[in-house]
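Keep in mind that the numbers below use all heavy atoms, side chains included, and drop hydrogens, waters and symmetry copies. All values derive from a computational prediction rather than experimental measurement.
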Amino acid sequence: MSAESKITKDKNKNLVVPDYPVIPFIEGDGIGPDIWSATKLVIDNAVSKAFDNTKKISWLEVFIGEKGHEKTGEYISDAALETIKSHIVAIKGPLTTPVGKGFRSLNVTIRQKLDLFACIRPVKYIDPVPSPMKFPDKIDMVVFRENTEDLYAGIEWESGSDDALKLSDFLRNEMGANLPDMPGIGIKPISEKNTKRLVASAILYAIDNKLKSVTLMHKGNIMKFTEGAFAKWGYEVAEEKFQDLTISEKILFEKYDGKCPDGKIIIKDRIADMLFQQVLLRPEEYDVIATPNLNGDYISDALAAQVGGLGMAPGANIGETAVFEATHGTAPKYAGQDKVNPGSLILSGTMMLEYMGWNKASDLIKFALQETIKQGFVTYDLARQIQGATEVKCSVFAEKIVENINK
């Protein structure tokens with residue numbers, strides 16, 4: 001067996017993945033240990049099967065969250081963050097944010113401290129997962145959500161506080177703002193730099209995956225200098241960096257009668273409330289959605305519901321480092337019961353494998369997961385919706401997936 005080693009990057013910032021990479025994992029709180037155990041079993045078996053035991057992941061536990069506090073006295077430490085950063089790729093279960101401990105969110109803290117600027121959420125229907133939609137198979141989108149600013153920057157002041165009163169007076173007297181009495185105040189920063197790097201990554205994804213369009217989602221009809229600027233800067237970066245490969249929707253109709261030239265990706269924008277309707281009524285018209293943070297939070301969860309819920313929704317947070325994660329919460333009432341659906345974290349694991357270039361293992365997992373659901377072996381959340389299904393524990397669901405991997 002070759003020596004275990006870290007994933008690195010070459011001078012062009014491309015990943016260099018050894019056959020035996022060391023990958024940090026955060027088990028997570030609440031249901032985290034259950035779904036992580038299931039996910040690890042599935043990933044390890046898929047890698048072994050796909051590469052005939054010539055590749056293997058060496059897992060390195062990083063203590064963040066409740067387990068971090070138990071082990072180190074800190075819910076999130078600089079050492080833990082540095083371990084993730086130095087290994088470039090990591091995976092995590094859901095984390096609970098301790099009340100009154102100085103953190104708005106451990107998840108947001110990880111994203112901001114590591115500058116994981118792109119939250120990437122693919123949404124695709126897996127037959128036969130129950131869905132409220134008539135044609136869920138038409139939904140096949142990827143949401144690129146800016147991860148570091150907007151309202152998630154957490155810049156706000158409580159109603160009645162000295163700082164809120166001071167800022168209210170300044171806004172009224174110096175800036176001419178019309179404010180109600182005693183407001184709570186939040187600030188929504190959206191910057192050109194962070195917008196452009198997010199939209200550029202969304203366009204690159206569309207190019208690499210031969211997709212037809214990137215849609216800029218915003219509320220610029222009301223918030224012209226934040227959300228509106230997001231759309232403006234999005235079009236600018238498409239022109240600056242991808243002029244030969246992209247075409248704006250406006251030019252498409254002005255010069256090409258709406259027919260996209262070969263080899264071009266359409267860059268378009270939609271007002272946020274309109275896009276919520278569009279992804280219900282005409283989902284096949286949307287491939288990649290690039291959006292500020294709060295819009296992205298809403299649309300990604302809404303899309304997940306259209307294909308069966310967060311239990312089957314993967315996600316990743318990517319910058320110079322990549323952290324793949326379950327997109328749902330910790331569900332503490334089910335902690336330790338070996339009950340919940342590990343699908344979100346398993347599918348996030350497939351995203352990780354694809355990021356590493358180990359697509360063969362990822363494809364095996366996706367196929368085996370779908371086969372297991374078709375065979376009717378599912379966790380409680382799906383069993384109550386699928387007639388004739390057999391309800392199984394989280395660990396058994398993973399074992400059934402492994403059986404299908406090894407067929």
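- A pairwise comparison of heavy atoms in Val396 and Val392 identifies CG1-CB, 3.7 Å as the closest pair.
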Evaluate Ile299 against Met217 for side-chain contact (heavy atoms from CB on, under 4.5 Å), listing each step before the verdict. CA-CA 9 Å; Ile299 196 76; Met217 178 187 185; 3.9 Å; yes

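- Counting all heavy atoms, side chain and backbone alike, Asp301 lies closest to Arg121 at OD1-NH2, 3.1 Å.
- The existence of a salt bridge linking Lys92 and Glu27 is excluded, since no basic side-chain nitrogen approaches an acidic carboxylate oxygen closer than 4.0 Å.
- A donor-acceptor pair under 3.5 Å is absent between the side-chain atoms of Gln387 and the main chain of Ala383, judged by distance alone.
- Considering only heavy atoms from C-beta on, Ile110 comes within 4.5 Å of Leu95 through its side chain.
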Under the side-chain contact (heavy atoms from CB on, under 4.5 Å) criterion, do Ser168 and Ile185 qualify, and how do the steps go? CA-CA 8 Å; Ser168 297; Ile185 298 177; 3.3 Å; yes

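- Judged by distance alone, with hydrogens and angles left aside, the side-chain atoms of Asn293 form a donor-acceptor pair with the main-chain N or O of Glu146 at under 3.5 Å.
- Side-chain atoms of Ile91 and Val323, non-hydrogen and from C-beta on, never get closer than 4.5 Å to each other.
- Listed for the Asn359 side chain is no donor-acceptor partner under 3.5 Å among the backbone atoms of Ser362.
- Counting non-hydrogen atoms of other residues, nucleotides and ligands closer than 6.0 Å to CG of Asp78 gives a total of 12 or fewer.
- The CG atom of Asp29 sits 10.5 Å away from the CD1 atom of Ile64 when rounded to the nearest 0.5 Å.
- In summary, Glu354 and Lys366 engage in a salt bridge, as defined by a charged side-chain N under 4.0 Å from a carboxylate O.
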Kindly indicate, with the supporting measurements, whether the criterion side-chain contact (heavy atoms from CB on, under 4.5 Å) is fulfilled by Gln370 and Asp127. CA-CA 7 Å; Gln370 184 172 36; Asp127 183 42; 3.7 Å; yes

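- No donor-acceptor pair under 3.5 Å is formed between the side chain of Glu4 and the backbone N or O of Asp19.
- Shown here is Lys264, whose NZ atom has more than 12 heavy atoms of other residues, nucleotides or ligands within 6.0 Å.
- Atom CG of Asp262 has 12 or fewer heavy atoms from other residues, nucleotides or ligands within 6.0 Å.
- Checking side-chain atoms of Ser348 against main-chain N and O of Gly315 turns up a donor-acceptor pair under 3.5 Å.
- Remark: Tyr125 OH to Asp140 CG distance equals 13.5 Å, nearest 0.5 Å.
- Checking Asn404 against Thr372 by side-chain atom types alone, a donor-acceptor pair falls below 3.5 Å.
- A donor-acceptor contact shorter than 3.5 Å is absent between the side chain of Asp150 and the backbone of Lys188.
- The shortest distance between side-chain heavy atoms of Val279 and Gln306 falls below 4.5 Å.
- A cation-pi arrangement, defined by a distance under 6.0 Å to the six-membered ring centre and an angle within 45 degrees of its axis, is present between Lys138 and Phe135.
- Enclosure of atom CG in Asp10 by more than 12 non-hydrogen atoms of other residues, nucleotides or ligands within 6.0 angstrom is indicated.
- Here the closest heavy-atom approach between residue Ala290 and residue Val199 is recorded as CB-CG2, 4.3 Å.
- For Glu149 and Ser191, the side-chain atoms include at least one donor-acceptor pair closer than 3.5 Å.
- Using modelled atom types, one finds a donor on one side chain and an acceptor on the other under 3.5 Å when comparing Asp381 with Thr379.
- Shortest non-hydrogen contact noted between Leu15 and Met356 is CD1-CA, 4.3 Å.
- Ion pairing between Arg111 and Glu325 holds under the 4.0 Å rule for side-chain N and carboxylate O.
- Put simply, the side chain of Ser344 never gets that close to the backbone of Met312: no donor and acceptor are under 3.5 Å apart.
- Because its NZ or CZ atom is not both nearer than 6.0 Å to the ring centre of Tyr20 and within 45° of the ring axis, Lys56 does not count as a cation-pi partner of that residue.
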Is there a side-chain hydrogen bond (donor to acceptor under 3.5 Å, both in side chains) between Tyr380 and Asn341 once you walk through the steps? CA-CA 8 Å; Tyr380 81 99; Asn341 186 348; over 6 Å; no

Asn147 and Tyr152: side-chain contact (heavy atoms from CB on, under 4.5 Å), yes or no, with the steps? CA-CA 8 Å; Asn147 232 354; Tyr152 270 61; over 6 Å; no

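- A salt bridge links Glu192 to Lys196: at least one charged side-chain nitrogen sits closer than 4.0 Å to a carboxylate oxygen.
- Side chain of Asp338 to backbone of Ser395: a donor-acceptor contact under 3.5 angstrom is found.
- With hydrogens and angles left out, the side-chain atoms of Tyr334 and Asp34 include no donor and acceptor closer than 3.5 Å.
- The shortest heavy-atom contact between Gly296 and Arg145 is C-CD, 3.7 Å.
- Judged by distance alone, the side chains of Arg270 and Tyr286 do bring a donor and an acceptor atom under 3.5 Å apart.
- A salt bridge does not link Lys85 with Asp115: every distance from a Lys NZ or Arg NE/NH1/NH2 to an Asp or Glu carboxylate oxygen is 4.0 Å or more.
- A side-chain donor-acceptor contact under 3.5 Å links Lys360 to the backbone of Ala50.
- Using a 3.5 Å distance cut-off with no hydrogens or angles, the side chains of Thr330 and Thr96 do pair a donor with an acceptor.
- Aromatic ring pairs are classed by plane angle as parallel below 30°, tilted from 30° to 60° and perpendicular above 60°; the pair Trp59 and Phe25 is perpendicular.
- Cation-pi geometry between Lys55 and Phe51 is met: the NZ or CZ atom falls under 6.0 Å from the ring centre, inside 45° of the normal.
- Counted by atom type alone, Glu227 and Asn221 present zero donor-acceptor pairs between their side chains at under 3.5 Å.
- A side-chain donor from one of Asp269 and His218 sits under 3.5 Å from a side-chain acceptor of the other.
- Here Asp273 pairs with Lys219 under the salt bridge (Lys or Arg N to Asp or Glu O under 4.0 Å) rule; sequence neighbours left out.
- Electrostatic pairing of Arg282 and Glu285 counts as a salt bridge here, judged by a charged N lying under 4.0 Å from a carboxylate O.
- Lys9 has a carboxylate O that lies under 4.0 Å from a charged side-chain N of Glu320, or vice versa, which qualifies the two as a salt bridge.
- Remark: the backbone N or O of Tyr205 is paired with a side-chain donor or acceptor of Asn209 at under 3.5 angstrom.
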